[in-house]
Amino acid sequence: MADEFKHLVLVKFKEDVVVEDILKQLEKLANEIDLVKSFVWGKDTESHEMLTQGYTHAIIMTFNSKEDYNTYVSHPKDVQFSALFVTVIDKAVVLNFPAVSGKAS
């Protein structure tokens, strides 16, 4: 059963980007918009280059529902951030999916 909706982004940022500044802006955005249930990000430190295909960072946002996600992505603040985000990335993979829990935490 899906209880949450996840937004997963794998990113390779452009060379001259101050990644921490971009991610701080995204964290601020996630904190300002109540529809975001949780927000986490991390930089890969363990995988072999062959496995990462050049992607260096993962971003995961959790929403209570697909409807909350859809409302979030049309929010003016997210639209504005997204316009900036596309200018600082070299490449990205985005997956949006209902989360299916396989093990209780």
Side-chain angles (χ1 to χ4, degrees):
M1 179 177 155
D3 349 290
E4 298 174 329
F5 195 80
K6 301 283 187 177
H7 173 62
L8 167 67
V9 182
L10 302 178
V11 181
K12 177 184 179 192
F13 290 95
K14 291 181 178 176
E15 292 280 332
D16 58 342
V17 173
V18 181
V19 175
E20 290 75 19
D21 290 349
I22 298 298
L23 294 171
K24 283 179 187 176
Q25 290 179 47
L26 184 54
E27 183 176 358
K28 181 178 184 241
L29 176 66
N31 286 321
E32 289 177 354
I33 300 176
D34 290 337
L35 295 167
V36 179
K37 185 175 179 180
S38 69
F39 166 75
V40 297
W41 70 269
K43 180 177 180 181
D44 181 73
T45 60
E46 302 297 320
S47 302
H48 295 285
E49 175 69 23
M50 178 186 76
L51 298 176
T52 64
Q53 297 182 29
Y55 295 98
T56 57
H57 291 76
I59 299 164
I60 304 170
M61 287 185 166
T62 302
F63 299 86
N64 283 321
S65 66
K66 181 180 178 181
E67 293 74 22
D68 282 357
Y69 168 75
N70 288 335
T71 302
Y72 170 82
V73 296
S74 63
H75 191 285
K77 288 183 178 183
D78 183 62
V79 171
Q80 181 181 13
F81 177 80
S82 294
L84 164 70
F85 193 70
V86 298
T87 68
V88 298
I89 61 172
D90 186 27
K91 61 182 183 173
V93 172
V94 178
L95 297 173
N96 297 301
F97 57 95
V100 179
S101 183
K103 181 178 178 181
S105 48

With sequence neighbours excluded, tell me which residues meet salt bridge (charged side-chain N to carboxylate O under 4.0 Å, His left out) with Lys43. none
Minimum heavy-atom separation for Lys6 and Ala99, please, with both atom names. CG-CB, 3.8 Å
Give a yes or no on whether Val86 and Val73 share a hydrophobic cluster (residues Ile, Leu, Val, Met, Phe, Trp, Tyr; joining criterion: side-chain heavy atoms under 4.5 Å apart). no
Residues that Asp90 engages under salt bridge (charged side-chain N to carboxylate O under 4.0 Å, His left out), provided they are two or more places apart: Lys12
Can you find a pair of side-chain heavy atoms, one from Phe39 and one from Ile59, that are under 4.5 Å apart? yes
In one Ile/Leu/Val/Met/Phe/Trp/Tyr side-chain cluster, 4.5 Å: Val79, Val94: no
Apply side-chain contact (heavy atoms from CB on, under 4.5 Å) to Thr62 and Val36, showing your working. CA-CA 6 Å; Thr62 302; Val36 179; over 6 Å; no
Who else is in Tyr55's hydrophobic cluster (ILVMFWY, side-chain heavy atoms under 4.5 Å, direct or via others)? Leu8, Leu10, Val40, Ile60, Val93, Leu95, Phe97
Could you grab the distance from atom CD of Glu4 to atom OG of Ser38, nearest 0.5 Å is fine? 6.5 Å
Go through Met61 and Tyr72 one step at a time and tell me if the side-chain contact (heavy atoms from CB on, under 4.5 Å) criterion holds. CA-CA 11 Å; Met61 287 185 166; Tyr72 170 82; 3.2 Å; yes
Under 3.5 Å, is there a donor on one side chain and an acceptor on the other for Asp44 and Ser47? yes
Are Phe5 and Tyr69, when compared by the centres of their aromatic rings, separated by less than 6.0 Å? yes
Using distance only, find each side-chain donor-acceptor pair of residues 13-33 under 3.5 Å and give its atom names and separation, not counting sequence neighbours.
residue: Lys14; atom: NZ; partner: Thr87; partner atom: O; Å: 3.1
residue: Lys28; atom: NZ; partner: Glu32; partner atom: OE2; Å: 3.2
residue: Asn31; atom: ND2; partner: Glu27; partner atom: O; Å: 3.2
residue: Glu32; atom: OE1; partner: Lys77; partner atom: NZ; Å: 3.1

Apply the test side-chain contact (heavy atoms from CB on, under 4.5 Å) to residues Gln53 and Leu51: give CA-CA distance (whole Å), side-chain angles for both, the deciding distance (0.1 Å), then the verdict. CA-CA 6 Å; Gln53 297 182 29; Leu51 298 176; over 6 Å; no
Quick one: side chain to side chain donor-acceptor pair (under 3.5 Å) partners of Thr56, sequence neighbours excluded? none
Pairwise side-chain contact, Val9 with His7, heavy-atom cut-off 4.5 Å (strictly under): yes
Separation between OG1 (Thr71) and CG (Asp78), nearest 0.5 Å, reads 11.5 Å
Of all residues at least two apart in sequence or in a different chain, which pass the salt bridge (charged side-chain N to carboxylate O under 4.0 Å, His left out) check with Glu67? none
Phe85 and Val11, any side-chain heavy atoms less than 4.5 Å apart: yes
